[in-house]
A.B. asks: 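I have a structure I would like to understand better, so I am pasting it below and will then ask my questions one at a time.
In what follows, every chain begins at residue 1, and chains take the letters A, B, ... in the order their sequences are listed.
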2 protein chains.
Amino acid sequence: MATIRDVSKIAGVSVATVSRTISKPDKVSAKTRKIVEAAIIETDYKPDILARNFRTRKSSTIVVLVPDIANPFFSRVIRGIEQTAQGLGYAVLLGDTQGDRNREITYANMVKTSQADGIIQLDSHIPFENENGPYVPIVNICDCVRGTDIPTIEIDNALAAEKMTEYLISLGHKSIAIITGPVDATITQDRLRGYKKALKKAKIDFVPENISVGDYSLLSGTTSSHDLMQNTHPPSAIFCMNDEMAIGAITQLKKMGLRIPEDISVAGFDDISFAEYYDPPLTTVSQPAEEFGSKAMQTLYNIINKNDLIQKHTFLDFEIIIRKSTGPFKYET
Amino acid sequence: MATIRDVSKIAGVSVATVSRTISKPDKVSAKTRKIVEAAIIETDYKPDILARNFRTRKSSTIVVLVPDIANPFFSRVIRGIEQTAQGLGYAVLLGDTQGDRNREITYANMVKTSQADGIIQLDSHIPFENENGPYVPIVNICDCVRGTDIPTIEIDNALAAEKMTEYLISLGHKSIAIITGPVDATITQDRLRGYKKALKKAKIDFVPENISVGDYSLLSGTTSSHDLMQNTHPPSAIFCMNDEMAIGAITQLKKMGLRIPEDISVAGFDDISFAEYYDPPLTTVSQPAEEFGSKAMQTLYNIINKNDLIQKHTFLDFEIIIRKSTGPFKYET
DNA sequence: TTGTATGCGTTATCAC
DNA sequence: GTGATAACGCATACAA
């Protein structure tokens, strides 16, 4: 493998000039630049990235912290991150944390040791032991932490939940249950707030019984929906905080002999690819998953390279997708 | 940040001894080891990974090449890789190639430049421009290249397809269509072989018309199944090479007014989590996705570290999962 | 078992 | 605009 020294010898210039030709071409005269470039080709010189990383204390690598890569929504986000990272010359280290805080911290430490230049966090934690540590480039997406000045990228979750609830109300539903994510997550609280707001606007009493806490899994959709139907006043519509739980719920409700949407409406969140292909096709909130990733990577890039165009808070658009899993409320006959 | 020199001063030993204490503790006397360890704690010394990587020409990082991370089966495999990699002290670089050969080569070059120590390839290419280049630790999984000596981890795809086809035949089906993946993929050819073998054993003529080439997407399941039903002799069963295409197919067939499985049977491959929750629940071939990943990482680790226990060819178990999307063949009434 | 000394390949500082 | 040279922090060959 040719080194920078080999190139400098062949080009008849110093190693410094070769280095400059590569990283700051405008600081080299056109003439010597040509000579050096020729020598680089002749020697088939490839800069030693490890040496460069070591010297510059940069790795051109970012780590993405994800609770679970097998979640279809997250994997789309990661695809968006990866595509944009490639374009910007960054590699993506995968940090599947399974929600484990220690793993988050382990990965976050890779930034402190310069193994990575920044972090994209998809969960609603701050992955540091103490916030007073050294400055770490980070952006928080999808499920954002409140009360910090960490740049975030999200949709207006409260508004999205409000709109979906309003839509269900517009269909005549008055007893609308909701299957949530983990209660401590910001995203859960935001969406719950939107849900309650819509109820209040429609002068429908909020019934605590109508809330069931899920964990975003298919299974939790089935168990939660089953539980909800045991209520003294079972709901006529169920709003799930992701599509997996909605699909789990529909499966369960069908098993109980209910027809969707004639007997009960079900709505989801995310608009994963399967939503459209389900039976019935799922009414849901569509989120721009890839754009989440791409915007996050772009923002992180700006932070790392101290571009002053850092937007502290980016809101992306969501869309209510109406399909066949929701329908008008019908009184029992 | 404390360096190895700071530690050596405090401990009153040479930097070499500190270095040894960390990487080859048994080469240091118990007494000095204690002293050094105390000094490490006192200074809160953390080895500079970048310097170490540079010096040792190793990165403790592997790259995984995946055609599409958003594919639920692949994301489970990657989860398996990542979990095992963490345990072995390796970081995982994500290489979403979108099937692009140039991207594969770009990522593969990271190994040649020591930015990564090895590769796990999930697609059926060899990610090198020429095979005569320097030796690169690599393992190939899921969809394996033939005729190379690259270690592979796979299920017996031909056998799995044969068994599933046999099962459909046992239900009385004689016109069994198959929706494949890309024709040039090893996995497609293997499964096709198994399918044909089962037909032959049952003395059923192979009908080229019964093959439709898909691309593993939901959409291709719908278009392929639609096409197949236009055949002069439409099939009474469709075997799809993944669950997404099976779900796409069922959606399409239902739209055409067909009942599953009364009018037509559909089987998939992979047993993704949604398979069980579909309506009807999908008959499919279950593959141990996480185990694929974990076995691959373990094997790659052995190769990188030249453990002699490298198994060139690992076969994992599959299982035919019979659910409700397949049923007995019924003559038209 | 331990210490000394060297160098890995690059970038950055400072002269010229 | 260019060159000489000093780091960067570590691991290791070799000497002791």
Side-chain angles (χ1 to χ4, degrees), chain A residues 1-40 43-61 89 109-110 112-117 304-305, chain B residues 1-40 43-61 89 109-117 305:
Chain A
M1 205 62 172
T3 75
I4 201 168
R5 215 168 304 266
D6 301 324
V7 178
S8 77
K9 269 180 198 151
I10 295 212
V13 298
S14 71
V15 290
T17 302
V18 178
S19 179
R20 274 187 222 110
T21 308
I22 293 165
S23 50
K24 306 175 181 89
D26 48 320
K27 295 226 167 225
V28 174
S29 77
K31 194 176 134 204
T32 49
R33 200 190 314 146
K34 281 236 192 290
I35 298 173
V36 172
E37 279 163 357
I40 287 177
T43 53
D44 190 33
Y45 168 70
K46 304 258 182 297
D48 183 325
I49 313 287
L50 256 38
R52 177 183 288 170
N53 289 351
F54 168 54
R55 185 58 233 248
T56 60
R57 312 307 305 171
K58 284 186 191 298
S59 61
S60 290
T61 298
N109 279 334
M110 298 183 77
K112 300 187 179 165
T113 58
S114 307
Q115 288 180 87
D117 298 341
I304 291 170
N305 297 288
Chain B
M1 205 63 170
T3 74
I4 200 169
R5 214 167 307 264
D6 301 325
V7 179
S8 77
K9 270 181 196 149
I10 297 212
V13 299
S14 73
V15 291
T17 302
V18 178
S19 178
R20 275 186 221 109
T21 309
I22 293 165
S23 49
K24 307 178 179 80
D26 47 321
K27 295 224 167 228
V28 173
S29 77
K31 193 176 138 205
T32 51
R33 200 189 314 146
K34 282 234 191 293
I35 299 174
V36 172
E37 278 162 357
I40 288 177
T43 54
D44 190 33
Y45 168 70
K46 305 258 183 296
D48 183 324
I49 313 287
L50 256 38
R52 177 183 288 170
N53 289 352
F54 169 54
R55 182 60 231 251
T56 59
R57 311 307 304 171
K58 283 188 190 300
S59 60
S60 291
T61 298
N109 279 334
M110 299 183 74
V111 178
K112 298 186 180 166
T113 58
S114 307
Q115 288 180 86
D117 297 341
N305 297 288

A.B. asks: How long is the line joining NZ of B/K31 and P of C/dT1, in whole Å?
C.D. replies: 13 Å
A.B. asks: Please examine the side chains of A/T21 and A/V7, heavy atoms only from C-beta on, and report whether any two atoms are closer than 4.5 Å.
C.D. replies: no
A.B. asks: Tell me the interatomic distance from A/D26, atom CG, to D/dG1, atom P, rounded to whole angstroms.
C.D. replies: 9 Å
A.B. asks: Does A/R52 make a side-chain N or O approach to OP1 or OP2 of C/dT11 shorter than 4.0 Å?
C.D. replies: yes
A.B. asks: Does A/F54 lie flat on the base of D/dC8, that is, centres under 5.5 Å apart and planes under 30° off?
C.D. replies: yes
A.B. asks: Just to be sure I understand the rule, does A/S23 reach a base, reach only the sugar-phosphate, or reach nothing, if contact means heavy atoms closer than 4.0 Å?
C.D. replies: nothing
A.B. asks: If you only use heavy atoms from C-beta on, which nucleotide in C/dG9, D/dG3, D/dC10 is closest to the side chain of B/Y45?
C.D. replies: D/dC10
A.B. asks: Find the distance A/R57:CZ to C/dA12:P and express it as a whole number of Å.
C.D. replies: 13 Å
A.B. asks: Is A/S19 close enough to C/dT11 that one of its side-chain N or O atoms is under 4.0 Å from OP1 or OP2 there?
C.D. replies: yes
A.B. asks: Looking only at side-chain N and O atoms, does B/S29 come under 4.0 Å of OP1 or OP2 in C/dT2?
C.D. replies: yes
A.B. asks: For B/V36 and B/V28, run side chain to side chain contact (heavy atoms under 4.5 Å, CB included): C-alpha distance rounded to whole Å, both residues' side-chain angles, the deciding distance at 0.1 Å, then the answer.
C.D. replies: CA-CA 10 Å; B/V36 172; B/V28 173; 5.8 Å; no
A.B. asks: Does a side-chain heavy-atom distance below 4.5 Å link B/L50 with A/R57?
C.D. replies: yes
A.B. asks: Please pick, from C/dG9, C/dG3, D/dG3, the nucleotide with the shortest atom-to-atom distance to any side-chain atom of A/T3.
C.D. replies: C/dG9
A.B. asks: Is any side-chain heavy atom of B/I22 closer than 4.5 Å to one of B/I40?
C.D. replies: yes
A.B. asks: Does any part of the side chain of A/V13, heavy atoms only, come nearer than 4.5 Å to the side chain of A/V18, both counted from C-beta?
C.D. replies: yes
A.B. asks: Atom NZ of B/K9 and atom C1' of D/dC10: how far apart are they, to the nearest Å?
C.D. replies: 15 Å
A.B. asks: Does a nitrogen or oxygen in the side chain of B/T32 sit under 4.0 Å from OP1 or OP2 of C/dT2?
C.D. replies: yes
A.B. asks: Quick one: which of C/dG3, D/dT2, C/dT10 gets closest to the side chain of A/I4?
C.D. replies: C/dT10
A.B. asks: State which of D/dA4, D/dT2, C/dT10 makes the closest approach to the side chain of A/A16.
C.D. replies: D/dA4
A.B. asks: Is there a side-chain contact between B/R20 and B/T32, using heavy atoms and a 4.5 Å cut-off?
C.D. replies: no
A.B. asks: Rounded to whole angstroms, how far apart are CZ on B/R33 and P on C/dT1?
C.D. replies: 10 Å
A.B. asks: Using atom CZ of A/R5 as one end and atom C1' of C/dT10 as the other, report the distance to the nearest whole Å.
C.D. replies: 9 Å
A.B. asks: Counting side-chain heavy atoms from CB outward, which of D/dC8, C/dT10, D/dT12 is closest to B/R55?
C.D. replies: D/dT12
A.B. asks: Tell me the interatomic distance from A/K24, atom NZ, to D/dT2, atom C1', rounded to whole angstroms.
C.D. replies: 14 Å
A.B. asks: Taking the side chain of B/V15 as heavy atoms from C-beta outward, which of C/dT11, D/dA11, C/dT10 is closest to it?
C.D. replies: D/dA11
A.B. asks: Atom CG of B/D48 to atom C1' of C/dC8: distance rounded to whole Å?
C.D. replies: 14 Å
A.B. asks: Under 4.0 Å between a side-chain N/O of B/T17 and OP1 or OP2 of C/dG3, yes or no?
C.D. replies: yes
